[in-house]
Structures are given as structure tokens and as C-alpha cells.
Protein chains: 2
Amino acid sequence: MSAQKKPRVAKAVARKSSPAATRRERVQSKEDAIIAAAHKSLTTRGFTKTTMSEIARKAGVAEGTLYLYFNNKNALARAVLAAFYKRLTETAKVGVGKCATTREKLEFLARHHLESIIGERRLLELISSDVRNTEAYEGSDIYKMNREYVAVFDDVMRDGIWCGEIEEGAAQWIKRDIFFGSLEYSMRTLLMKKRSSKKDITAVVTELVKLLMDGAGAQFEPMSNHDLIKAVERVDAAAIRLERLSAVKM
Amino acid sequence: MSAQKKPRVAKAVARKSSPAATRRERVQSKEDAIIAAAHKSLTTRGFTKTTMSEIARKAGVAEGTLYLYFNNKNALARAVLAAFYKRLTETAKVGVGKCATTREKLEFLARHHLESIIGERRLLELISSDVRNTEAYEGSDIYKMNREYVAVFDDVMRDGIWCGEIEEGAAQWIKRDIFFGSLEYSMRTLLMKKRSSKKDITAVVTELVKLLMDGAGAQFEPMSNHDLIKAVERVDAAAIRLERLSAVKM
DNA sequence: ATATATAATGAATATCACTCAGTGACTAAA
DNA sequence: TTTAGTCACTGAGTGATATTCATTATATAT
């Protein structure tokens with residue numbers, strides 16, 4: 001037994017979590033720490049450049065420990081994404097609740113979505129690249145989270161149709177795609193501009209909602225109520241003159 | 001000089017390209033072969049799962065040779081993407097040229113884009129994940145290719161505005177984002193459906209163009225000029241009758 | 001024919017995701 | 001308190017893969 005493996009000595013690291021916590025609580029807080037560390041790395045450096053050892057270091061655990069909590073790098077990324085969706089859905093619901101009209105709700109949702117995905121743009125990588133392809137997307141956590149999130153939009157649209165603010169048109173899922181698709185693409189464009197300002201975001205939001213509610217086609221010069229009333233008044237005045245005329249002659 | 005490196009013997013591989021070609025031509029055809037091989041792997045297996053050795057094998061060259069033509073895996077992927085954009089732009093221009101109205105042009109462009117990105121969906125990964133982040137996007141080949149491609153859409157819209165089929169609205173880039181963003185998002189949705197049929201594509205295309213041109217909001221029953229003129233004519237006729245009446249009485 | 005430039009090669013290296021044999025901490029029963 | 005058992009953790013080791021570079025092969029010019 002000569003070249004036996006050297007037994008590793010525990011470094012007696014001070015517990016990060018409160019020592020009095022139960023085992024379950026300690027495990028939970030460690031999971032949170034890992035997700036937080038992963039979130040930070042993923043959002044600042046992107047999926048590919050983020051290494052597991054980096055996450056482990058940030059979270060204050062050994063590399064192997066990550067794999068006790070998540071099967072692999074993708075699963076960890078998915079957990080981060082799930083947490084993001086949860087926050088996103090929550091704030092979206094709250095915000096919509098404070099709006100009165102359908103237009104206000106849509107504008108809030110659009111702005112909220114756009115600002116959020118600009119802030120955490122690196123997370124969207126995960127959706128389009130590895131995460132969606134690695135496993136059966138349908139039935140996954142992310143899929144459910146996404147469903148729950150876009151349901152907020154669906155509800156707004158349903159209400160809008162119900163109270164006549166929106167015309168009941170084609171399949172709902174198409175409008176949903178138009179809404180979220182436009183915003184994600186706009187994000188890319190905004191990020192490419194030298195200084196994407198608040199004004200740009202407002203422009204995108206306004207135009208998108210305008211399109212969803214009013215359309216962008218050249219209207220065929222609809223007459224305004226004002227014009228119509230003036231025209232009617234003139235006719236009215238003419239009729240009165242005629243009435244007077246015939247009354248005098250009678 | 002005992003354990004000297006064994007000199008590698010060339011395998012005297014039969015030339016793939018015609019031996020009579022010039023040096024320049026031979027290099028070009030090899031580059032094409034590499035891009036073709038990379039395209040095949042990338043579209044079937046995705047970026048991460050595609051290995052450089054796999055591409056080298058498919059292209060019939062050594063692994064090191066790949067790096068004589070492209071600096072790294074990302075650069076190679078970018079070249080594949082550039083070729084894709086080139087084809088896409090070409091076919092888009094040709095197709096639009098065959099359409100008469102703005103609506104037809106937009107519907108063609110939408111369908112063409114959607115069908116193309118569904119067919120080569122794995123290439124889109126590249127845009128959102130590594131490619132865009134690896135280097136300064138602006139000024140890169142991909143950026144220029146993309147500009148050229150979306151210019152086809154811009155031209156259609158400009159024509160549409162010029163001949164009055166489209167209303168001149170907000171910034172053009174916003175409408176562009178709405179167009180392409182909706183289609184890319186729709187692609188995801190379509191791919192998730194069990195059997196995404198031709199009919200689904202048609203529905204998306206129709207609805208998107210309808211939205212861009214006519215809008216989806218509940219119109220407030222605007223009075224048309226035609227209706228107004230008819231109304232005025234009726235009033236006019238009534239006035240004439242009255243005039244005749246008073247003339248008789250005179 | 002020889003020299004020079006160009007093109008190609010593949011073993012070696014570095015980096016990273018992931019594994020596993022082993023260590024320590026806590027808990028419950030004796 | 002002691003002891004056995006389970007849970008949580010560790011980090012060196014493994015295999016896969018992108019990238020490099022010393023070397024060899026081929027084509028062209030003199």
C-alpha cells in the first residue's frame with residue numbers, strides 16, 4: 001500500500017448559512033446560492049463562456065457539489081431561466097392589474113417584457129440554443145413557465161375582445177407570436193444602436209400596440225366626426241332657410 | 001536521436017477537385033467543400049454537437065486544415081451563415097420581383113422567410129448565441145449580410161408608401177422588427193406543434209400581413225367618403241325638391 | 001533540376017464538463 | 001456517551017474537444 005491516495009483534509013470552512021438552520025433549510029439555501037451564482041455568470045458572460053468551476057467558486061462549493069443539485073450544466077441553466085420566468089410572470093401580473101384599458105395593459109406588458117429581456121438578454125440565448133434542443137421541450141419546466149407567462153398576454157387579449165376593444169381575429173397564438181416575437185427582435189436592434197434610449201423603447205412599444213389595435217395600413221381617409229357634424233349643420237341651416245322661405249310665402 | 005518523431009507519410013489521397021485547376025481554384029473549391037460539410041453538420045446536429053473533426057472528415061481534409069481557412073469554429077459557422085444569407089437574399093429579391101401589389105410582396109417575403117428559417121432552423125442558433133457575442137457585430141460580415149437581406153423588406157415598404165398602399169407611420173426599423181421578429185417567433189411555435197402544416201404557415205403569413213396593412217383593432221366604423229357623398233346627395237335632392245316646390249308656389 | 005512558396009497534416013496541448021472514490025457532519029438508536 | 005448509518009460534500013481524475021505547431025507534401029518559378 002505504497003502510493004495510496006492521500007486522504008483529503010476537510011478545510012473546515014465556516015458555514016455560509018446560519019448553523020442553526022435545519023438540514024433541509026441548509027440544502028435549500030445552498031441551492032439558492034448556486035442558482036444565484038450561475039445567474040450572475042450566465043447573464044454577464046453567456047452560456048458558453050461560463051464554466052462550472054467559475055460557478056462553483058462563486059457559490060462557495062466544490063465543483064462536484066453542483067452535480068448533486070443539478071444533473072448538468074444545461075439543467076442548471078434551465079433552473080436559472082425558470083427563476084427568471086417566475087419573477088417575470090409575477091411582475092407582469094401585478095403591473096397589468098394596475099392598468100385600466102386594454103391599450104394600457106398591452107403597453108405595460110410590452111414595455112415590461114422589452115426592458116426585462118434587455119436586462120437579462122444573455123438568458124434568452126439559453127432558450128434558443130441548448131435548452132430547447134436538449135430535451136423534449138414540451139412538458140419541461142421551462143415550457144410550463146413560458147406558458148404561464150404568455151397566459152398573462154392571452155388574458156389581456158381575451159378581456160379586450162370581450163369588452164369590444166379588440167376585434168376577434170385570427171388564431172390567438174398568432175397574435176401572441178407577433179407580440180413577443182417583435183419585442184425580442186427589437187431587443188437585438190436596440191442593443192445594436194450606439195445609445196438605445198428610453199425614447200426608443202417607447203417608440204417600439206407604442207408602434208407595436210398601435211399595430212395590434214389600430215393597424216398601420218393607409219386608412220381611406222375616414223371622415224372625422226367633427227367634419228361630419230359641420231356638414232350636417234350646414235345642411236340643417238339650409239333646410240331652416242327653406243322652411244322660413246316657404247312659411248313666408250304661405 | 002533515438003525516439004525521433006516518426007515522419008508522417010502522405011496518404012496520396014486522390015484529388016477531389018480536378019487536378020488541372022489553378023491553385024486559386026483548388027483552394028476555392030476546398031473552401032466550398034469545408035463550408036458545405038460544416039453546413040450539413042450544423043443544420044443537422046446544431047452548433048454545440050458539431051465537432052471540428054466531424055467537419056474535417058466530411059470535407060475530406062485534416063483537422064488542422066480547417067484552421068488554414070477559418071480562424072476558429074465560430075468563424076466557420078459565420079461563413080456558413082453568410083452563405084445562407086446570400087442565398088436567402090437572392091431568392092427573396094427574385095420572388096418579390098414577380099409580385100405586383102405590396103400585399104403580395106409582403107406575403108411572399110413572409111412565407112419565404114418562414115419556410116427558409118424552418119428549414120435551416122439550426123443556423124439561427126448561431127445568430128443568437130455565439131456569433132453575435134463573439135466579436136463586434138456591427139461591421140462583421142453577418143451584419144452586412146443581414147442588412148442586405150432586410151433591405152429587401154425595406155424596399156417593399158418604401159414602394160408601398162410611395163404608391164399609397166401603406167401609410168407612412170413610425171420609424172421604419174420598428175416595422176422591420178415586427179415583421180422578422182414575428183416570423184422567427186412563429187417558427188418556434190410551429191415547430192412545437194405536432195404537425196405544423198402548410199395551412200399554419202399560411203395563417204401566420206396572412207395574419208401578419210393583414211396586421212401590417214389593415215390592423216386588427218375594432219375599427220370605429222369610420223364613415224367612408226362614399227357614404228358621405230351619398231348622404232349629401234340625398235340632402236341635395238331634397239333641397240332641389242323644395243326649391244321646385246317653392247318655385248311652383250311662386 | 002533545384003529552390004521557394006504554398007498547402008496540408010495530425011500528434012500534442014489546454015480547457016472544460018462530468019464522475020467517483022473517499023471524507024466529514026449530523027442523527028438516531030443502543 | 002458510543003456507535004452505526006445516512007446525508008452532504010469534496011476535488012483529483014477522465015474523456016471529449018477546440019486549437020496549435022513542427023513537420024511534410026505539393027506546386028510553381030528559376
Side-chain angles (χ1 to χ4, degrees), chain A residues 1 3-31 33-34 38 41-42 45-57 59-78 130 134, chain B residues 1 3-31 33-34 38 41-42 45-57 59-78 130 134:
Chain A
M1 223 185 257
Q4 193 187 8
K5 267 184 194 166
K6 172 185 67 183
R8 271 153 292 175
V9 179
K11 280 191 288 178
V13 162
R15 285 239 151 275
K16 297 292 193 317
S17 51
S18 55
T22 68
R23 184 176 286 206
R24 170 83 208 135
E25 282 167 340
R26 264 178 282 127
V27 166
Q28 180 62 48
S29 88
K30 189 151 285 189
E31 182 172 314
I34 291 173
S41 288
L42 287 173
R45 295 165 45 75
F47 184 80
T48 318
K49 286 190 184 167
T50 296
T51 68
M52 292 301 268
S53 65
E54 180 190 341
I55 296 172
R57 196 163 7 91
V61 298
E63 227 176 307
T65 308
L66 299 181
Y67 292 88
L68 297 177
Y69 289 82
F70 304 96
N71 282 327
N72 49 45
K73 194 179 172 187
N74 274 319
L76 176 49
R78 252 179 271 129
D130 282 66
T134 325
Chain B
M1 217 187 256
Q4 193 188 9
K5 268 183 194 167
K6 173 184 68 184
R8 273 153 290 173
V9 179
K11 281 191 289 176
V13 161
R15 283 240 150 275
K16 298 292 194 314
S17 53
S18 55
T22 69
R23 182 176 287 204
R24 172 80 210 137
E25 282 168 340
R26 264 177 281 128
V27 166
Q28 181 62 49
S29 88
K30 189 152 282 187
E31 182 174 313
I34 291 173
S41 288
L42 288 173
R45 295 164 46 75
F47 184 80
T48 319
K49 287 190 183 166
T50 296
T51 68
M52 292 301 267
S53 66
E54 180 190 341
I55 295 173
R57 198 161 7 88
V61 298
E63 234 175 303
T65 307
L66 299 181
Y67 291 87
L68 297 178
Y69 289 81
F70 304 96
N71 281 327
N72 49 43
K73 194 179 171 187
N74 273 319
L76 176 49
R78 251 180 272 129
D130 283 65
T134 326

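Just so it is clear: chains get the letters A, B, ... in the order the sequence lines come, proteins before strands, and each one is counted from 1. Heavy-atom basis, side chains included; hydrogens, waters and symmetry copies ignored. Note that the coordinates shown come from a computational prediction; the quantities given were computed from them, not determined experimentally.
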Original post:
How close or far is atom P of D:dC21 from atom CG of B:Leu68, stated in whole angstroms?
Top reply: 13 Å
**OP:** Would you kindly give the CZ-to-P distance between B:Phe70 and D:dT20, to the nearest whole Å?
**Re:** 15 Å
Subject >> Integer-rounded Å distance: C:dG24 P and A:Arg26 CZ >> reply: 18 Å
Original post:
So what does A:Tyr69 touch, heavy atoms closer than 4.0 Å: a base, only the sugar-phosphate, or nothing?
Top reply: sugar-phosphate
Original post:
If each of B:Ala62 and A:Thr50 is mapped to the nucleotide of DNA chain C with the nearest heavy atom, which maps nearer the 5' terminus, i.e. the 5' end?
Top reply: B:Ala62
**OP:** Specify the separation, in whole Å, of atom CZ of A:Arg45 and atom C1' of C:dC16.
**Re:** 13 Å
Subject >> Taking every non-hydrogen atom, the tightest pair across A:Leu76 and A:Ile34 >> reply: CD1-CG2, 3.9 Å
Subject >> Nearest listed nucleotide, side chain of A:Asn72, among C:dC18, D:dT10, D:dT19 >> reply: C:dC18
Subject >> Nearest-nucleotide pick for B:Lys73, side chain only, options being D:dA18, C:dT9, D:dA27 >> reply: D:dA18
**OP:** Please report, rounded to the nearest Å, how far the P atom of C:dC16 is from the CD1 atom of A:Ile55.
**Re:** 12 Å
Subject >> Rounded distance in Å - CG (B:Asn71) to P (D:dT20) >> reply: 8 Å
Original post:
What pairs with B:Glu54 under salt bridge (Lys or Arg N to Asp or Glu O under 4.0 Å), at least two apart in sequence or on another chain?
Top reply: B:Arg45, B:Lys58
Original post:
What is the distance, rounded to the nearest whole Å, between atom CE of B:Met52 and atom P of D:dT19?
Top reply: 6 Å
Original post:
Which of the following nucleotides, D:dT10, D:dA8, D:dA18, is nearest to the side chain of B:Thr51?
Top reply: D:dA18
Subject >> Any residue meeting side chain to side chain donor-acceptor pair (under 3.5 Å) with A:Thr51, in chain and number order, not counting sequence neighbours >> reply: A:Ser53
**OP:** Looking at every strand, decide which applies to A:Thr65 at a 4.0 Å heavy-atom threshold: base, sugar-phosphate, or nothing.
**Re:** base
Subject >> Side chain of B:Tyr67 - closest among C:dC26, D:dT19, C:dA7 >> reply: D:dT19
Subject >> Spacing between A:Leu66 atom CG and D:dC9 atom C1', to the nearest angstrom >> reply: 11 Å
Original post:
About how many Å separate CG of B:Asn72 and CG of B:Leu66, when rounded to the nearest 0.5 Å?
Top reply: 11.5 Å
**OP:** To the nearest 0.5 Å, tell me how far A:Asn74 CG sits from A:Phe47 CZ.
**Re:** 4.5 Å
**OP:** Can you figure out which of D:dA27, D:dA18, C:dA8 approaches the side chain of B:Lys30 most closely?
**Re:** C:dA8
